[in-house]
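One structure is given here, and the rest of the page talks about it.
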Amino acid sequence: MNIAVIGTGYVGIVTGTIFAEQGNTVWCVDINEEKVALIKRGESPIYEPGLSELLTKNIKSKTFNVTTSLAEAMESAEIVFIAVGTPPAADGSADMTAVYTVAQEIGKNLHLPYTVIVDKSTVPVGTADTVTHLIQKELDARGEQLSFDVVSNPEFLKEGTAIKDCLYPDRVVIGAYSDKAFKVMEKLYAPVLRTNKPILFMKPRSAEMTKYAANSMLATRISFMNEIANLCDKVNADVHDVRLGMGSDSRIGYPFLFPGVGYGGSCFPKDVQALVQVAKENSSDALILNATEEVNARQKQVLAQKVISHFGGNLNGKHIAVWGLSFKPNTDDMREAPSIIIINELLKAGATVRAHDPVAIDNTKEILGDAIEYCSSRYETAEGADALCLITEWGDYKNMDFEKMKQQLREPVIFDGRNQYEPKEMKDAGFIYYCIGRPKA
Ligand code: NAD
């Protein structure tokens, strides 16, 4: 099939690459000329495990193409994916400017007798209807009578495992009004559905709501567990045991019950806020969603507060080493990363900070500039530091050389925002060890 994907961000480039890998001819479009030039040279604009290899291979075989011209990409596209950003507006609602602009551009460039336009961006309920209206308006202005359907096909990939998630999705959700559109989408997704994973057909509004509801549920589980962990800290219970005790209940399950430094990234924070706005616009209270957000905002302060209170209320003259900056491991994405808030709190309390991250340093520099120092080696961060803060649980950090770390640190103090180590093991190794919701050994 001939496919156009508009937007080559974390979702667009992965989606385009996977469809190309499955034998389709894909044209990706982006208005960012630098990004397009980079991709043309065979380089991935993002860090995503496994992406570079597939991208290079498909660029070579010309199944993956990239351009800044939407008209060029749409020349023979039977399916057009909208995968542009929907960042939060000032009031928390989804800023739909990019989606609507693209919808109008699609209307101007449709020319096949029938095209399926797919909303892959995460969008408020009713967007498929608005996109349909915008495209139809352009066709009317051109005096063209072309047939098209707008489909909602929300994306559930996770940064860090995006390739695997797209090749082996838990399910594919298709929201459409017409059988013709369903059939086109079923054919497109046939290769990934051979493992008997479900393709769920529904109306566009339900598909749009499914995406927000799924992300909000995951965010809520995280906030719930963070609240339980903070309580564990107060009552001397161990959240690690509590998680196992809860998760073994088949009605609950284990995933997304890890306490930590709060959720970040480009999806959970903005999607929860956007759903709150959808509720407001429809005269509904979003009590749980509001609480989820509030708990998360507070959780981002917890680790820094532990550091500040350990050092007696201020960090003047203290030097703190930080491990992990990206909002989660295996990505260079810094959007809404808890590390930014934690580091700013440490700086505000008077500390100096030196940080390491395997891939997110360049993106962090764009946010924090030279407010902190950056290190290419994780142990270098700790040289002469008064304490270490582990913020993102990269695999590299799981195996710490305790002796080396003790030699580097001025005081053997570790603040572990992701419960990566065992309190008893840390005590035996001679560390003063703080984590989230676990009692001191
Ligand atoms: P992103 O910001 O990384 O990428 C968006 C891209 O769209 C950018 O490269 C931008 O230059 C391009 N763009 C903007 N306007 C354009 C236009 N008029 N024409 C062509 N290109 C244009 O965003 P992302 O993280 O890929 O997310 C895209 C959508 O997918 C969002 O709605 C997001 O909520 C959703 N989503 C993201 C993830 C994720 O993990 N990142 C997962 C699931 C769903």
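When a ligand or atom number is given, it counts from 1 through the structure's own listing order.
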| query | Can you list the ligand 1 atoms lying under 4.0 Å from a non-hydrogen atom of Lys211? | reply | 43 (C)
| request: Indicate whether the side chain of Asp91 and that of Ser93 have a donor and an acceptor atom separated by less than 3.5 Å. | output: yes
| task | Decide, yes or no, whether a salt bridge links Glu208 with Arg205 under the criterion of side-chain N to carboxylate O below 4.0 Å. | result | no
| request: Classify the contact between Ala83 and ligand 1 as side chain, backbone, both or neither, using a heavy-atom distance cut-off of under 4.0 Å. | output: backbone
| Going by the order shown, which atoms of ligand 1 are within less than 4.0 Å of some heavy atom of Gly9? | 1 (P), 3 (O), 4 (O), 6 (C), 9 (O), 26 (O)
| said: Does atom CD1 (Ile288) have a neighbourhood of more than 12 heavy atoms from anything else shown, all under 6.0 Å? | reply: no
| field | Identity and separation of the nearest protein heavy atom to atom 7 (O) of ligand 1 | value | Gly7 CA, 3.5 Å
| Taking atom 19 (N) of ligand 1 as the reference point, the nearest protein heavy atom with its distance | Ile31 CG2, 3.6 Å
| Do Lys35 and ligand 1 have an N or O pair less than 3.5 Å apart? | yes
| Any ion pair linking Glu21 and Lys57 (charged N to carboxylate O, less than 4.0 Å)? | yes
| query | Taking atom CE of Met209 as the centre, does the number of heavy atoms from other residues, nucleotides or ligands within less than 6.0 Å exceed 12? | reply | no
| Quick one: does ligand 1 sit under 4.0 Å from the side chain of Arg335, the backbone, both or neither, non-hydrogen atoms only? | side chain
| query | Given Tyr212, Phe156, Tyr10, which one has a non-hydrogen atom that is nearest to atom 3 (O) of ligand 1? | reply | Tyr10
| Pairing of Arg298 and Glu294 as salt bridge, 4.0 angstrom limit | yes
| Where's the contact between Ile6 and ligand 1, heavy-atom distance under 4.0 Å: side chain, backbone, both or neither? | side chain
| message | Any nitrogen or oxygen of Glu159, side chain or backbone, less than 3.5 Å from one on ligand 1? | response | yes
| Applying a 4.0 Å heavy-atom criterion (strictly less than), which segment of Ser121 is in contact with ligand 1: side chain, backbone, both, or neither? | both
| query | Going by the angle between their ring planes, with limits at 30° and 60°, are Tyr379 and Trp323 parallel, tilted or perpendicular? | reply | perpendicular
| task | May I ask whether Lys270 has any heavy atom positioned less than 4.0 angstrom from an atom of ligand 1? | result | yes
| said: Heavy-atom count check: over 12 atoms from other residues, nucleotides or ligands less than 6.0 Å from Tyr168 OH? | reply: no
| task | Please verify whether a non-hydrogen atom of Glu105 lies at under 4.0 Å from ligand 1. | result | no
| query | What do we get for Leu157 next to ligand 1 when only non-hydrogen atoms under 4.0 Å count, side chain, backbone, both or neither? | reply | both
| request: Check whether more than 12 heavy atoms from other residues, nucleotides or ligands sit under 6.0 Å from atom CZ of Phe258, and answer yes or no. | output: no
| Counting each atom of ligand 1 from 1 as listed, which ones have a heavy atom of Val102 under 4.0 Å away? | 17 (C), 18 (N), 19 (N)
| request: For Val84, take its heavy atoms, then give the atoms of ligand 1 lying under 4.0 Å from any of them. | output: 7 (O), 13 (N), 14 (C), 15 (N), 16 (C), 21 (N), 22 (C), 28 (C), 29 (C), 31 (C), 32 (O)
| message | Show me which atoms of ligand 1 lie under 4.0 Å from any heavy atom of Thr86. | response | 31 (C), 32 (O), 34 (O)
| query | Any idea which of Asp30, Asn32, Asp271 brings a heavy atom closest to atom 10 (C) of ligand 1? | reply | Asp30
| task | Kindly indicate, with the supporting measurements, whether the criterion ring-ring contact (aromatic ring centres under 6.0 Å, His included) is fulfilled by Tyr10 and Tyr47. | result | CA-CA 9 Å; Tyr10 286 82; Tyr47 175 82; over 10 Å; no
| Asp233 with Arg438: basic N within carboxylate O range, under 4.0 Å | no
| field | Ring centroid separation Phe327 to Tyr263 under 6.0 Å | value | no
| What atoms of ligand 1 come within less than 4.0 Å of a heavy atom belonging to Gly85? | 5 (C)
| How close does the nearest protein non-hydrogen atom get to atom 43 (C) of ligand 1, and which residue and atom is it? | Glu155 O, 3.3 Å
| query | Which protein heavy atom lies closest to atom 35 (C) of ligand 1, and at what distance to 0.1 Å? | reply | Thr122 OG1, 3.4 Å
| Heavy atoms from other residues, nucleotides or ligands near CD of Gln301 exceed 12 (cutoff 6.0 Å) | yes
| Any idea which of Val11, Asp333, Thr8 brings a heavy atom closest to atom 30 (O) of ligand 1? | Val11
